[in-house]
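Each remark here refers to the structure printed beneath this line.
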Amino acid sequence: MDAWVVWLLIAALLGIAELLTLTLALGLLAVAALAAGLTGAAGLPLAGQVAVFAAGSAAGLAVVRPVVRRHVRQPPPLRTGAAALVGREALTLTEVSRAGGRARIGGEEWSARPYDPDLVIPAGAAADVLAIEGATALLYPVPGGPGEETP
């Protein structure tokens, strides 16, 4: 069996392994093995094929993989759904206490609790949305607003 055929088999096996593991490293090695197989099919001797595989592997793992991983780890550029409500201002419709309450956030009515369980936010007060837990907004009164209690 010719060496270039072996390189193509190695590339196929590494490609299948990459699909099963999703590490990106095996996929880059598969591309390097494919390049080595193509150079072998073009008539380069085995030493040249190994050099192409080594250079392709090193370039892929040292240059391409870190760039791709950095792009994969980036957060989405736009918050959507309930995450988009965090940081917005809410208007309490009922008294919001540890037991619960209702607030209007962005035109929608939400169940609400104070972020600090010891606080009670009166109806009609402005509050900031600090977090969303399920379908409940965790609120904190706007400093200096009518709903802020002083200790």
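These numbers come from the heavy atoms of this one structure, side chains and all, not from hydrogens, waters or symmetry mates. Index from 1, following the sequence. Please read these numbers as outputs of a predicted model, since none were measured by experiment.
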Discussion item. Let me check something: do Ile10 and Leu44 share a hydrophobic cluster, defined by ILVMFWY side-chain heavy atoms less than 4.5 Å apart, either directly or through other members?
Written reply: no
Worksheet item: With a 3.5 Å cut-off and no angle check, do the side chains of Trp4 and Gln49 form a donor-acceptor pair?
Response: no
Response to the item:
Between Ala36 and Phe53 the two heavy atoms that sit nearest each other are CB-CB, 3.9 Å
Worksheet entry | Gap separating the CG atom of Leu14 from the CG atom of Leu9, nearest 0.5 angstrom | 11.0 Å
Worksheet item: Are any side-chain N or O atoms of Arg65 and backbone N or O atoms of Thr23, one a donor and one an acceptor, separated by less than 3.5 Å?
Response: yes
Discussion item. Could you measure the distance from the CH2 atom of Trp110 to the OG1 atom of Thr136? Nearest 0.5 Å is fine.
Written reply: 8.5 Å
Discussion item. Same cluster or not: Leu8 versus Val52, using hydrophobic residues (I, L, V, M, F, W, Y) connected whenever any side-chain heavy atoms lie under 4.5 Å apart?
Written reply: no
Fill in: Side-chain ion pair, Arg88 and Asp128, N-O less than 4.0 Å
no
Worksheet entry | Worked check of side-chain contact (heavy atoms from CB on, under 4.5 Å) between Trp7 and Val50 | CA-CA 10 Å; Trp7 284 115; Val50 171; 4.1 Å; yes
Worksheet item: Is there a side-chain contact (heavy atoms from CB on, under 4.5 Å) between Leu138 and Ile132 once you walk through the steps?
Response: CA-CA 6 Å; Leu138 300 182; Ile132 301 288; over 6 Å; no
Item to complete: Using atom types as modelled and distance alone, determine if a side-chain donor or acceptor of Ser57 lies under 3.5 Å from a backbone N or O of Ala32.
Response: no
Discussion item. Less than 4.5 Å apart, side chain to side chain, heavy atoms only: is that true for Leu29 and Leu61?
Written reply: yes
Practice prompt. Using side chain to side chain contact (heavy atoms under 4.5 Å, CB included) as the criterion, point out the one residue from Asp116, Thr92, Leu119 that pairs with Leu139.
Written response: Thr92
Item to complete: Determine yes or no for a side-chain-to-main-chain donor-acceptor pair under 3.5 angstrom, with Glu89 supplying the side chain and Ala127 the backbone.
Response: no
Worksheet item: To the nearest 0.5 Å, what is the distance between OG1 (Thr39) and CG (Leu34)?
Response: 9.5 Å
Practice prompt. Work out which heavy atom in Ala103 is nearest to a heavy atom in Ala112; give both atom names and the distance.
Written response: CB-CB, 4.0 Å
Practice prompt. Rounded to the nearest 0.5 Å, what's the gap from CG on Asp2 to CG on Leu46? Could you check?
Written response: 11.0 Å
Practice prompt. Examine distances only and state if a side-chain atom of Glu95 and a backbone atom of Ala123 form a donor-acceptor pair shorter than 3.5 Å.
Written response: no
Fill in: Hydrophobic cluster membership, Leu24 vs Val31, 4.5 Å side-chain cutoff
no
Worksheet, complete the sentence: Residues Ala137 and Ile105: closest non-hydrogen pair is CB-CD1, 3.6 Å
Worksheet entry | Chi angles and distances behind the side-chain contact (heavy atoms from CB on, under 4.5 Å) call for Val86, Leu130 | CA-CA 6 Å; Val86 175; Leu130 297 185; 6.0 Å; no
Discussion item. So which atom in Arg102 and which in Thr94 form the shortest heavy-atom distance, rounded to 0.1 Å?
Written reply: N-OG1, 2.8 Å
Item to complete: Return the minimal non-hydrogen interatomic distance between Arg113 and Arg98, and the atom names on each side.
Response: CD-O, 3.8 Å
Fill in: Nearest non-hydrogen partners of Leu28 and Gly60, listed with the distance
CD1-O, 3.2 Å
